[in-house]
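Each chain gets a letter, A, B and so on, in the order the sequences are listed, and its residues count up from 1.
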Amino acid sequence: MCTASSRTAEKRLNAKTTHLNLEKTMSKKYNPSKVEAKWQAKWEADGLYAANIDDARPKHYAITMLPYPSGDLHMGHWFAMTPSDARARFKRMQGFNVMFPMGFDAFGLPAENAAIKRNIHPKEWTYANIANMITQMKSIGTMFDWQRVAISADPEYYRWTQWFFLKLYEKGLAYRKWAAVDWCPKDNTTLAREQVIGENRVCERCGTPVIKRELEQWFFKITDYADELLDFSGIDWPEAVKTLQTNWIGRSEGADVSFKTETGDEFVIFTTRPDTLWGATFMVLAPEHPLVEKITTDEQRAAVKEYVAQTGRQSDIDREATDREKTGVFTGGYAINPVNNERIPIWIADYVLLTYGTGAIMAVPAHDQRDFEFARKFGLEVRPVIQPEGEMLLDGDKMAAAAAHYGVMVNSGPLDGTVADEAVAKTVAYLDKQKIGKAAVGYRLRDWLISRQRYWGAPIPMVYCESCGIQPVPEDQLPIELPDDIEWRPTGESPLKFHPSWKHTTCPNCDEPAIRETDTMDTFMCSSWYHLRYLSPGYDKAPFDPKEYDYWMPVDTYTGGIEHATMHLIYTRFFHKALRDMGIAEGHEPMLQLRNQGQILSHDGQRMSKSRGNVVDPDELVGEYGADAVRAYLMFGYRWSEGGPWMTENIQGVVRWLHRAWSLFTEEQTGGGGASEKVQRGLRRKVHQTLRKVGDDLERFEFNTVVSAMMELLNQMLEAKEQGAVGTSAWDEAQDYYLRMLAPVVPHFAEELWAEMGKPYSIHTQAWPELDQDAAKEDEITLVVQVNGKLRDRITVPVGLSEAETRARALESEAIKAFVDGKPPKKVIVVEGKLVNIVL
RNA sequence: GCCGAAGUGGCGGAACUGGCAGACGCGCACGACUCAAACUCGUGUUCCUUCGGGAGUGUGGGUUCGACUCCCACCUUCGGCACCA
């Protein structure tokens, strides 16, 4: 057996014995709850994390998405917040002036539902939860600046939410219209299109299938910004989010084409396939289309009326189900196809939606599967006008499905023979010239419906006057405060409507009695600008102090869940762009860098939820292991961007690591002397290599490898200690660097040991350690030698060997000789400093 | 159906621009300490093996001296969209 290793083992044993004896007298036990409480109190008393403008330092504005005050902080909050905190701390140590604030998205349905269920006022419920959550957040050791907390339900906050509404209204971006809107019958309110999810079209919050209701509601013209929202240049956002937003906006290019009815009424259709225009054999209008009434003939009137009524009764679930058989009714009216003056029948069918395009289509059954199914069912003509290259001539009567691909135009009058690549462009040019159509763009994105028939939200600052109509509330009358005395009735209308006096006011224009808008705003309106309120939460002259804006904005790093991709994250971009156009904000984007964390699931891989009873309580774990251990575990155990199932046992790994590190720093620094030059250099090398890795990985949000690298370094330090490294300058540097690298991950732990070593308070105001590239360099490398791509030997060689020398060393190896067996190699590949591959 | 992401030991996960697969942990096994257990410490831990080696990163092919990594096809899982003209 190797004598060196048994000697090492013996030494370890001795060291261990010494350690055990000393433990009782010298080294103190790691008591996380004591350590954490102590430093939290001190940091708060010292205002250590207060962010103030400092022109001498570069700023870094970091935000993690603000929570809804639902009651308790759960593991998901920890998983989102603590790694974001670690990175903000890292940025601070790198020399940035960091602002990392926190707030509460405090308006919303759950408060109101709790109010109804438990007979407690939403305000009371919300603010009690906020107080509780602030206590919990302080216990997790984040560097939140509690002077800047913003709560969207505070009148001083929603005063400005209302002010922004007025600005949008002035700018023409807020409008009111009658529309069939999505309604959640359980929550008794309308929802934005984004809040209706899945195939079953359920409410995003409570899972109840939504229904359609005709209501007059407020909308924001987010569609004005559709094209700009598709432009992600200049921002570093995850591809996944950009794709989700792009798909959500759903831009499609095509053409608007003017048709006329036989009786001379003009109507426009939108198509993405203008090249198939000559193949239109019928038209389809949405049943709700205004022209239906006019074109329907007397013979068809009864059938049309019946079909329209039937469609109106249907829920969207039925109507939008793709696998449903096509239905529809002939109106009796005819249209004239502008390209060939053909007379084609006009039908109505529910597969055409009033809300997309113009609510009317030309039907080209030969080249569109939906139109094809409809034509086959009702015996309408199928006329191919696009011939796929290299295939048999299409026969409209025999086709089994639509041929949706591009090809050569046929049966298309002047454009016959136009090839696929040019077909659309040439047709559009032709339409333009004939003045019957033009290039157009369609979007899936709808305007943002912001009215909610609920109490617990920011009241929409509008007044309805009999003589003056809709009037905005003058700015100096803001905020329109919510009344505290309120009662709930299950009518599906805002409780504000039934308040005896609240809605009665006077018209700002004529001073006559008038009625307030009783709907409140979607809470996504509140969260579209909270990053601006953080800048100066107490400021009362404007939503934010321009001095603070100039220094801190834009947000440098934004972290949160991807579930907000098509809601909050698209709204907040829209909001910023609208403010920019009003001269209120600067720059094109509010948040430069976005990163998404994954989700912590329960042990069984399900989502954690109170109803499933599988929620892991962080408070319990913090009580047992301390906040630092929980922070470190959440960073170590998962890829942050992925998340994964909770595994209670795995926390043992970081708990053991912290205890071992604690012992190393607090036990008597003995066993010094006798460390070889090589051991010292090896220790320095590992320290600086770790520093490089930890810095890179914190920068890239790869927290799991940050912790594993720190574990590796600790292992090497323990070994170096046994080899007599204590007392050397390499050892002192290792200890100093170790704590500074640890500070972002386990802030209390690092602070305590830093103080224990007699270093100046606070570790969190220290600079990030300086990297010595030379120290990190290897002076020996393990050269991998392969024969035919298979690993056959490893040899240790000095750094900087020439290619020829490297090759020679590899061929000299005994193990290699055995494999090469005297045969001359066909080829020898040498990757300097890494590998030699001998090809036989 | 369309769009996107991901498939690596018993488990969580490493592997940066193609170059030692499985770092770091959990768990497990054995050993030390203990009257005993827990803790702690040490050793081992992808699979097969005739102990030479062979196989191996969802599957099948390809490019390459060399592929978890690049290309093609497919399978599975998760997420989003879905009669959007």
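Helical stems involving RNA chain B, defined as 3 or more consecutive Watson-Crick or G-U pairs under 3.5 Å, span B:1-7 with B:75-81, B:10-12 with B:24-26, B:27-32 with B:40-45, B:46-48 with B:53-55, B:58-62 with B:70-74.
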Task: Protein-to-nucleotide contact annotation, 5' to 3' order, nucleotides 2-17 of chain B [B base; S sugar-phosphate only; - none; under 4.0 Å, heavy atom] - done: -SS------SBSS---

TODO: Heavy atoms under 4.0 Å is the rule here; annotate nucleotides 60-73 of chain B 5' to 3' with B where the base is hit, S where only the sugar-phosphate is, and - elsewhere.
DONE: -----B--------

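Shown here are the ring-ring contact (aromatic ring centres under 6.0 Å, His included) partners of Phe636(A), two or more places apart in sequence or in another chain: there are none. Judged as a salt bridge (Lys or Arg N to Asp or Glu O under 4.0 Å), and not counting sequence neighbours, Arg809(A) has no contacts. The salt bridge (Lys or Arg N to Asp or Glu O under 4.0 Å) search around Glu204(A) returns none, not counting sequence neighbours. Not a single salt bridge (Lys or Arg N to Asp or Glu O under 4.0 Å) links Glu832(A) to another residue, sequence neighbours left out. Shown here are the ring-ring contact (aromatic ring centres under 6.0 Å, His included) partners of His289(A), two or more places apart in sequence or in another chain: there are none. Under the salt bridge (Lys or Arg N to Asp or Glu O under 4.0 Å) criterion, Arg376(A) pairs with no residue at all, not counting sequence neighbours.
Of the N and O atoms on the side chains of Asp275(A) and Thr427(A), not one donor lies less than 3.5 Å from an acceptor on the other residue.
A distance of about 23 Å separates the C1' atoms of G58(B) and A23(B), rounded to the whole Å. The gap from the P atom of C78(B) to that of G60(B) amounts to 23 Å, rounded to the nearest Å.
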Listing time: all N or O pairs from protein to nucleotides 55-58 of chain B that are below 3.5 Å?
none

Expected rows: protein N/O vs nucleotides 27-29 of chain B N/O, under 3.5 Å:
from   : atom 1 : to        : atom 2 : distance (Å)
G27(B) : OP2    : Arg656(A) : NH1    : 3.3

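With RNA chain B read from its 5' end, the first of the two nearest nucleotides for Ser252(A) and Val654(A) is the one closest to Val654(A).
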- [ ] Determine, step by step, whether Lys686(A) and Glu719(A) satisfy the salt bridge (charged side-chain N to carboxylate O under 4.0 Å, His left out) criterion, reporting the C-alpha distance in whole Å, the side-chain angles of both residues, the deciding distance to 0.1 Å, and the verdict.
- [x] CA-CA 12 Å; Lys686(A) 186 68 176 176; Glu719(A) 207 171 304; over 6 Å; no

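Between Arg251(A) and Asp227(A), at least one side-chain nitrogen of the basic residue sits less than 4.0 Å from a carboxylate oxygen of the acidic one, meeting the salt-bridge criterion. For the pair Lys721(A) and Glu667(A), the salt-bridge criterion is met [side-chain N within less than 4.0 Å of a carboxylate O].
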Less than 3.5 Å apart, which donor and acceptor atoms pair up between the side chains of residues 701-709 of chain A and the rest of the protein, not counting sequence neighbours?
from      : atom 1 : to        : atom 2 : distance (Å)
Glu702(A) : OE1    : Arg700(A) : NH2    : 3.4
Thr705(A) : OG1    : Asp697(A) : OD2    : 2.6
Thr705(A) : OG1    : Glu702(A) : O      : 3.2
Ser708(A) : OG     : Thr705(A) : O      : 3.3

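In this structure, the separation between CG on Leu658(A) and OH on Tyr30(A) is 5.5 Å, given to the nearest 0.5 Å.
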